[in-house]
Protein chains: 2
Amino acid sequence: MGEKRESTGFLIKQRAFLKLYLLTSIEKERWYGMQLLDELRESFKPFGFEPQHSEVYRALHDLLEDGILSRRKIKEDGSKYKEVAVYSIANKEEAKAYKKLVKADLDRCEQLLRKALKDNFS
Amino acid sequence: MGEKRESTGFLIKQRAFLKLYLLTSIEKERWYGMQLLDELRESFKPFGFEPQHSEVYRALHDLLEDGILSRRKIKEDGSKYKEVAVYSIANKEEAKAYKKLVKADLDRCEQLLRKALKDNFS
DNA sequence: TTATGAACATCTTGTTCATGG
DNA sequence: CCATGAACAAGATGTTCATAA
């Protein structure tokens, strides 16, 4: 089950990066896709990174398929005229394990970047 | 001339990363492709990254097209039975400018990774 | 064989279109 | 219109093939 590679050799993939953030947000409270997207965009804008909606949806769908998240469609009655898909953690153990994997890869990537800065600019 | 984007939003691309290292190596002495490849692989192996030969050649060809490197095919007489393509810096100003660009992107990426570690693991 | 390339295949991501409230 | 998806297109990289010496 945990045999999917998150490390693809060079740097971490955007998908894995987003999945990490999504898990952390969803751990805290209920969210739906566009909310999460807006939050992420706001957060990364200073770094010149603005994830696309389809990539965020794909990340959520991945986590659903992995059984880490569950989804419930609800009518935001009172508020709007729309139906949204709200996510919650389905398997805390898996979620934790996945985050641990991604952390290891982030650490590796950080080292690689530091090395590059040192090797080429010192 | 310098209007090609190196920052693609998320993390730096492998191509730009390799170009940076190639320039730094070639600044120091004459090299040819396979030498550079072996050097890079050795250097990154501890980080689980082993660039492919075609990607290194593509990086070299990019730098040629950009006019930053020049190439000279030579017969390594005395040594082997082969012809190699040896590179040298064609335009030091451009090389310096390119490296500066990449450095900025590396810095940005490092910040982004640090942020992710902080936002998700603290 | 080794070094250099090109061609081709795949994987990842961005852009556009479709549907239902 | 907004939220969710899917479909499609483009880009980046990995794998395989071709050629010369």
Worksheet entry | Closest non-hydrogen atom pair, A:Gly33 against A:Leu60 | CA-CD1, 4.1 Å
Check every atom of [options] against the side chain of [X] and return the nucleotide holding the closest atom.
X: B:His61; options: D:dA3, D:dT13, C:dG5; answer: C:dG5
X: A:Lys13; options: C:dT12, C:dG21, C:dT4; answer: C:dT12
X: B:Met34; options: D:dG5, C:dT4, C:dT13; answer: C:dT4

[N] phosphate, OP1 or OP2: any side-chain N/O from [X] under 4.0 angstrom?
X: B:Arg71; N: C:dG5; value: yes
X: B:Tyr57; N: C:dT4; value: yes
X: B:Tyr32; N: C:dT4; value: no
X: A:His53; N: D:dG5; value: no
X: A:Gln52; N: C:dT15; value: yes
X: B:Lys73; N: C:dG5; value: yes

Rounded to the Å, how far apart are [X] [atom1] and [N] [atom2]?
X: B:Ile74; N: D:dA21; atom1: CD1; atom2: P; answer: 15 Å
X: B:Glu83; N: C:dT4; atom1: CD; atom2: P; answer: 9 Å
X: A:Asp62; N: D:dG5; atom1: CG; atom2: P; answer: 13 Å
X: A:Leu63; N: D:dG5; atom1: CG; atom2: P; answer: 13 Å
X: A:Arg72; N: D:dT4; atom1: CZ; atom2: C1'; answer: 17 Å
X: B:Leu40; N: D:dG14; atom1: CG; atom2: P; answer: 13 Å
X: A:Asp38; N: D:dC2; atom1: CG; atom2: C1'; answer: 11 Å
X: A:Glu55; N: C:dT13; atom1: CD; atom2: P; answer: 5 Å

Discussion item. Checking the side chain of B:Ser43 only, and the main-chain atoms of B:Glu39 only, is there a donor and an acceptor separated by less than 3.5 Å?
Written reply: no
Worksheet item: Taking B:Glu55 for the side chain and B:Gln52 for the main chain, is one N or O donor matched with an acceptor at less than 3.5 Å?
Response: no
Discussion item. Just so I know, are the side chains of A:Leu22 and A:Leu40 near enough to count as touching, which here means a heavy-atom distance under 4.5 Å?
Written reply: yes
Practice prompt. Could you check whether the rings of A:Phe10 and B:Phe17 sit parallel, tilted or perpendicular, using 30° and 60° as the cut-offs?
Written response: perpendicular
Discussion item. Judged by each residue's nearest nucleotide on DNA chain C, which is more toward the 5′ side, B:Gly33 or A:Arg58?
Written reply: B:Gly33
Worksheet item: Base, sugar-phosphate alone, or nothing: which one does B:Tyr87 contact when heavy atoms must sit under 4.0 Å apart?
Response: sugar-phosphate
Discussion item. Between D:dT15 and B:Ser54, counting only base atoms on the nucleotide and side-chain atoms on the residue, is there a donor-acceptor pair under 3.5 Å?
Written reply: yes
